[in-house]
Amino acid sequence: MKFQPINLPDVDMKRPIVIAGPCSAETEEQVLTTAKQLAANGIRIFRAGIWKPRTKPGGFEGVGSDGLPWLRRVKQETGMYTATEVATAKHVYEALKYGVDILWIGARTTANPFAVQEIADALKGVDVPILIKNPVNPDLELWIGAIERIYNTGLHRIAAIHRGFSSYEKKLYRNQPQWHIPIELHRRFPDLPLFCDPSHIGGKRELIAPLSQQAMDMQYNGLIIESHCEPDKALSDKEQQITPDSLDLILRRLVIREMKQSTEDLVDLRRQIDILDNDLLEVLVKRMRVSTEIGIYKKEHGIAVLQTNRFNEILEKRIANGVKLGMSHEFMRTILAAIHEESVRIQVELMNK
Ligand code: PEP
Ligand code: MN
């Protein structure tokens with residue numbers, strides 16, 4: 001795939017290209033007030049969800065096509081470009097009918113090849129930039145598959161949006177960034193522009209600044225950030241929306257560092273290693289914590305620390321799994337023996353306390 005840049009006349013394409021606007025278009029007034037405040041701060045691309053995919057029925061599902069004339073007014077009155085999410089062929093036709101300039105495919109839709117194909121078919125013969133969010137699940141191939149489906153219609157002004165990946169355990173982030181996934185996407189398609197969506201990754205206002213900075217340090221091209229004239233009254237995603245003025249402050253404080261082109265590939269790979277090593281560390285810490293709990297149980301119930309049968313059984317199974325995944329027998333044995341040894345050391349220490 002060979003992508004074309006998303007050139008928009010009169011829009012500065014220097015990093016970061018910023019797309020901002022409310023999670024959802026709610027009323028004509030909210031849309032226009034927000035847009036005018038953003039435009040006054042120099043934002044050139046306005047986002048607003050017209051059709052909202054909600055996890056459960058009963059949430060605010062968007063105003064639907066009634067909101068499209070509001071976006072047209074934004075264009076007319078502020079000169080901004082407009083962007084909205086499409087999930088069906090009907091959304092595509094309706095949005096284009098009202099002159100929406102940029103379309104994006106949401107995370108839940110990217111995860112569904114039938115839906116992406118339907119959108120791709122509706123886009124045949126149309127020339128519009130399209131942004132493709134990562135699927136909700138951490139599946140790089142599914143993300144690339146969606147990009148290919150759109151690309152194959154002849155539409156080459158494509159960009160990817162990294163909005164994080166959902167997980168069962170809710171932690172610091174609403175959606176885990178898993179930076180190594182977009183970094184790998186960038187390594188494979190260096191000319192595919194990459195946007196970060198710190199609003200949906202973080203899920204909270206205070207995480208937008210650090211995530212935006214991180215994205216800039218990772219050489220992302222742009223940011224898509226949710227901004228609402230009255231965030232506390234937003235009908236969707238209110239915890240993560242910020243006022244146009246807070247957004248302005250965040251953008252002004254960003255430090256943009258440029259990277260030397262020639263080593264970019266290597267830098268990307270090294271970043272993946274850094275991130276994966278951190279992940280490894282986290283998993284090891286979790287594992288040792290569980291070992292400690294087992295140690296406490298053994299102590300309380302007078303069970304011996306060393307259970308040779310159990311160790312041999314897990315050793316064999318894990319080595320076989322590792323070998324199946326392409327790792328050497330020797331390496332697997334060394335690693336597993338070291339982990340086991342450390343668990344035993346922790347439990348013995350506990351016994352003697
Ligand atoms: C959105 O951008 O408001 C949205 C619904 O995002 P996502 O598809 O990333 O959940
Ligand atoms: Mn949202």
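Both ligands and their constituent atoms are indexed starting at 1 by order of listing.
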At a 4.0 Å threshold, what atoms of ligand 1 neighbour a non-hydrogen atom of [X]?
{"X": "Lys133", "result": "1 (C), 2 (O), 4 (C), 6 (O), 7 (P), 8 (O), 9 (O)"}
{"X": "Glu85", "result": "4 (C), 5 (C)"}
{"X": "Cys23", "result": "3 (O)"}
{"X": "Arg47", "result": "1 (C), 2 (O), 3 (O)"}
{"X": "Arg108", "result": "7 (P), 8 (O), 10 (O)"}
{"X": "Gly106", "result": "8 (O)"}

Will you find, in the side chains of Tyr220 and His186, an N or O donor that is under 3.5 Å from an N or O acceptor?
-> no

Can a donor-acceptor pair be found between the side chains of Asn175 and Ser166 at a distance below 3.5 Å?
-> no

Within 6.0 angstrom of Glu206 CD, more than 12 heavy atoms from elsewhere | yes

Pair Lys75 + Asp101, salt bridge at N-O below 4.0 Å | yes

What protein heavy atom sits nearest atom 3 (O) of ligand 1, and how far away is it?
-> Lys52 NZ, 2.8 Å

Only residue of Arg174, Arg163, Lys52 satisfying salt bridge (Lys or Arg N to Asp or Glu O under 4.0 Å) with Asp237 is Arg174

Go through the structure and list residues passing side-chain hydrogen bond (donor to acceptor under 3.5 Å, both in side chains) with Arg149, not counting sequence neighbours.
-> Gln117

Test of ring centre spacing under 6.0 Å for His162 and Phe195 | no

Ring-ring centroid check Phe311 His340, cutoff 6.0 Å = yes

If you measure from atom 8 (O) of ligand 1 to every heavy atom of Ser166, Ala107, Gly62, Pro135, which option wins on shortest distance?
-> Ala107

Closest to atom 10 (O) of ligand 1 (heavy atoms only, candidates Arg163, His200, Glu226, Arg174) is Arg163

Could you walk me through whether Glu226 and Gln240 pass the side-chain hydrogen bond (donor to acceptor under 3.5 Å, both in side chains) check?
-> CA-CA 7 Å; Glu226 289 189 339; Gln240 69 195 36; 2.8 Å; yes

Heavy-atom contact under 4.0 Å between Gly49 and ligand 1?
-> no

Scan the side chains in residues 272-294 for donor-acceptor partners under 3.5 Å anywhere in the protein, sequence neighbours excluded, and list what turns up.
residue, atom, partner, partner atom, Å
Gln272, NE2, Glu184, OE1, 3.0
Arg287, NH1, Ser343, OG, 3.3
Ser291, OG, Arg287, O, 3.4
Ser291, OG, Ser343, OG, 3.0
Thr292, OG1, Met288, O, 2.8

So, leaving waters aside, the tally of protein N/O/S atoms less than 2.8 Å from the Mn ion (ligand 2) stands at 4

Determine which pairs satisfy ring pair (Phe, Tyr, Trp, His ring centres under 6.0 Å) with at least one residue from residues 127-150, sequence neighbours left out, and list them in order.
-> none

